[in-house]
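Presented below is the structure to which this report refers.
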2 protein chains.
Amino acid sequence: MSSDDLAPEDAVTETTDADRFTNARAIRSTALFEDYTELIADLTEEFGEARITDIARRLGVTHPTANKAVLRLKREGLAISRPYRGVFLTEAGVAMAKAVKARHRLVVRLLIAVGVPPEAAEMDAEGIEHYVSETTLKAFEAYLDGRD
Amino acid sequence: MSSDDLAPEDAVTETTDADRFTNARAIRSTALFEDYTELIADLTEEFGEARITDIARRLGVTHPTANKAVLRLKREGLAISRPYRGVFLTEAGVAMAKAVKARHRLVVRLLIAVGVPPEAAEMDAEGIEHYVSETTLKAFEAYLDGRD
DNA sequence: ACGGAAATGTAGCCGATGCTATATTTCAAA
DNA sequence: TTTGAAATATAGCATCGGCTACATTTCCGT
């Protein structure tokens, strides 16, 4: 369906179902990178480096899975590593990790603010956070600010 | 980190990072079924049947992709169809569609209630909804009720 | 200094989810 | 009634993200 086919009254700014689903698919493909960069940042802060075994254990996957994911991270310019050594984030990786962590905290805070039990908020935020747009993030901030 | 290694004060009910990530992965694997059942329900209501071409167009994918997904839906007992005919939901499929639709509406309502612009709320809800647990859903309901 | 355990890497399998290209079937219009 | 366009099905390819099994490297304890 091209926009030509739309009825006149909603022709220009209409967001189609397909747009939304396509957006959700695009996000799904970056969600894993976000999880990895955030985790690598955490481990680096805690231990001075992120080791494959620790990454795998925290994510609940096997090391080969973590290893493959790190290869993809490196290919995308988000991390660097030498064989048999720890993994480190590039500047781009650090930037992603920081943004992801800030967003994660904000999502948890908002969930708790509307009455979600903290345990459930943490659990659900792990999936939700990836889909929260900048616009929605701003709205969350405004809501939490106006609430103090 | 096994639970044996935990400090005494948070030993028993601790939810680990791995638990949360494993939960998120499990949800990711059912999200597609949820999208399809909801969409098939919509199309069936609109047109009396859900045709592969319409499913594909609404989701923004090619028909072979939609066809394969429908095969998986059928394998999971969520839908039925005969060759070159429309797709219909089973009772299980209808139940899933109803739950998904109710949850979707609730998520959109909550986002709007905390100040997210409707357009962004619709967009983000498409991904968020899948990760909203029953507990969180109940909290959203309570929040929206206590707000009228 | 070396030997074994732990960590890391690699190979190969599988299913999911996308695609393009090519049949095949349906259905409506001439 | 036939035939051509639209819809549907199928084949085959790629990537991702899991896994197990096995190879290699590191590093600690004796």
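Throughout, a chain's letter reflects where its sequence line sits, starting with A, and its residues are numbered from 1. Because the structure is predicted, anything quoted here is derived from the model rather than measured. Note that these values count all heavy atoms, side chains included, but never hydrogens, waters or copies made by symmetry.
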Which sits closer to the 5' end of DNA chain D, Ile52(B) or Ala69(A), going by the nucleotide each is nearest to?
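Between the two, 5'-proximity favours Ile52(B).
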Assuming nearest nucleotide by heavy-atom distance, tell me which of Thr65(A) and Pro83(A) is located more 5' along DNA chain D.
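That would be Thr65(A).
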Whole-Å gap separating [atom2] ([N]) and [atom1] ([X]):
X        : N       : atom1 : atom2 : answer
Tyr84(A) : dC28(D) : OH    : P     : 17 Å
Leu32(B) : dG18(C) : CG    : C1'   : 11 Å
Leu73(B) : dT17(C) : CG    : C1'   : 13 Å
Asp35(B) : dA16(C) : CG    : C1'   : 14 Å
His63(A) : dA23(D) : NE2   : C1'   : 14 Å
Lys74(B) : dA16(C) : NZ    : C1'   : 18 Å
Glu49(B) : dC27(C) : CD    : C1'   : 13 Å
Phe21(B) : dG17(D) : CZ    : P     : 14 Å

Checking contacts here: which listed nucleotide ([options]) is nearest the side-chain heavy atoms of [X]?
X        : options                   : answer
Arg85(B) : dC27(C), dT25(C), dT10(C) : dC27(C)
Arg28(A) : dT17(C), dA7(D), dT10(C)  : dT17(C)
Val61(B) : dA16(C), dC19(C), dA7(C)  : dC19(C)
Asn67(A) : dT10(C), dT25(D), dT8(D)  : dT10(C)

When you measure from the side-chain N and O atoms of Arg57(A) to the phosphate of dA7(C), is any distance below 4.0 Å, counting only OP1 and OP2?
no
Under 4.0 Å: is that the gap between some side-chain N or O of Arg82(A) and OP1 or OP2 of dT25(D)?
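The answer is no; no side-chain N or O of Arg82(A) sits under 4.0 Å from OP1 or OP2.
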Looking at Asp17(B) and Arg20(B), does any basic side-chain N land under 4.0 Å from a carboxylate oxygen?
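Yes, this pair counts.
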Salt-bridge contact Lys101(A)-Glu34(A) (side-chain N to carboxylate O under 4.0 Å)
no
Toward the 5' end of DNA chain C, which comes first, Lys68(A) or Ala50(A), by nearest nucleotide?
Ala50(A)
5' priority, DNA chain C, between Thr53(A) and Arg25(A) [closest heavy atom]:
Thr53(A)
Between Leu39(B) and Ile55(B), the two heavy atoms sitting closest are CD2-O, 3.7 Å
Would you check if there is a donor-acceptor pair between the side chains of Thr15(A) and Glu119(B) at a distance under 3.5 Å?
yes
Between Thr22(A) and Asp19(A), is any side-chain donor less than 3.5 angstrom from a side-chain acceptor?
no
Using a cut-off of 4.0 Å on non-hydrogen atoms, how would the nucleic acid contact of Arg72(B) be classed: base, sugar-phosphate, or nothing?
base
